[in-house]
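No experiment lies behind these values; they were computed from the predicted model shown. Along the sequence shown, residues are numbered consecutively beginning with 1.
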Amino acid sequence: MKWEIQSNKMANRHLARTIALQSLYEWDFNNQGENLKKITKRNLKEFAPDFEDADFSIAIIEGVEDKRKDIDKKIVEYAPEWPLDQITVVDRNILRMGIYELMMNEEIPPKVAINEAIELAKTFGGPASGKFVNGVLGSIYKKIEKEEKKK
């Protein structure tokens with residue numbers, strides 16, 4: 001029974017991340033002109049009207065929006081050969097979500113943040129998206145581990 005509850009929570013969280021990604025994609029594709037929370041609520045209503053974990057989607061988009069400048073600096077730092085505006089909209093927003101969860105949301109275990117981002121990249125990105133996202137987030141995670149060992 002416990003595994004079933006955990007499995008449902010994981011599936012709900014994956015759906016929440018998918019809706020957050022869809023909302024971030026739409027927002028970013030349209031030059032961040034529309035209210036991101038409004039986009040997310042519309043997507044939740046359209047694609048998951050009875051969804052119990054809608055607050056998780058909203059927390060992700062609010063966190064990404066609030067910390068976007070810091071997150072984008074990390075993308076530029078860890079993917080220096082790719083100017084931010086040349087990274088596909090999908091990959092850029094998967095990285096934003098992944099970095100937010102990895103570095104700024106202590107509730108999410110680092111490996112979960114990385115694995116979820118890779119799965120989103122494989123599902124919604126191009127043929128090399130999974131490897132690209134894994135490389136960027138993996139490098140960030142290695143640096144975090146290294147700094148923690150120094151403490």
### Query
F124 and Y25: side-chain contact (heavy atoms from CB on, under 4.5 Å), yes or no, with the steps?
CA-CA 11 Å; F124 298 106; Y25 177 91; over 6 Å; no

### Task
Report the C-alpha separation of M103 and D70 in whole Å, then their side-chain angles, then the decisive distance to 0.1 Å, and conclude whether the side-chain contact (heavy atoms from CB on, under 4.5 Å) test is met.
CA-CA 10 Å; M103 299 186 76; D70 294 332; over 6 Å; no

### Task
Carefully, step by step, assess R42 and E26 under the rule salt bridge (charged side-chain N to carboxylate O under 4.0 Å, His left out).
CA-CA 11 Å; R42 183 180 64 234; E26 183 179 339; 2.2 Å; yes

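In this structure, F29 is a member of the same hydrophobic cluster as L95, with clusters built from ILVMFWY side-chain heavy atoms closer than 4.5 Å. Linking ILVMFWY residues whenever their side-chain heavy atoms come closer than 4.5 Å, directly or via other members, places V90 and I87 in the same cluster. At a threshold of 4.5 Å between side-chain heavy atoms, the hydrophobic network of Ile, Leu, Val, Met, Phe, Trp and Tyr places M97 and I108 in one connected group. In the hydrophobic clustering of ILVMFWY residues, with side-chain heavy atoms under 4.5 Å counting as a link, F47 and L36 come out apart. Note on I61: it clusters hydrophobically with I94, by side-chain heavy-atom contacts below 4.5 Å among ILVMFWY residues.
We find the CD1-NZ distance between I58 and K41 to be 5.5 Å, quoted to the nearest 0.5 Å. In this structure, NZ on K131 lies 10.0 Å from NZ on K122, to the nearest 0.5 angstrom. One distance of note links CG of L120 with CG of D91; it measures 11.0 Å at 0.5 Å rounding. Taken from NZ in K37 to CD in E62, the straight-line distance is 4.0 Å, to the nearest 0.5 Å. How far CD1 of I75 is from CZ of R92: 8.0 Å, rounded to the nearest 0.5 Å. Atom CZ of residue R68 and atom CG of residue N93 lie 9.5 Å apart, to the nearest 0.5 angstrom.
Counting all heavy atoms, side chain and backbone alike, V133 lies closest to I118 at CG1-N, 4.2 Å. Across A117 and G98, no two heavy atoms sit closer than the pair CB-CA, 4.3 Å. Scanning both residues, F56 and A16, for their nearest heavy atoms gives CD2-CB, 3.4 Å. P110 and L102 get closest at one heavy-atom pair: CB-CD1, 3.6 Å. Heavy-atom minimum distance, G63 versus Y100: CA-CE1, 3.5 Å.
Between R17 and E119 there is no salt bridge, since no side-chain N of the basic residue sits under 4.0 Å from a carboxylate O of the acidic one. Ionic pairing of E77 and K143 is present here: one or more N-O contacts between side-chain nitrogen and carboxylate oxygen are shorter than 4.0 angstrom.
Proximity of a side-chain donor or acceptor of D28 to a complementary backbone N or O of L24 within less than 3.5 Å is not detected.
A search for side-chain hydrogen bond (donor to acceptor under 3.5 Å, both in side chains) contacts involving S23 returns T40, N43, not counting sequence neighbours.
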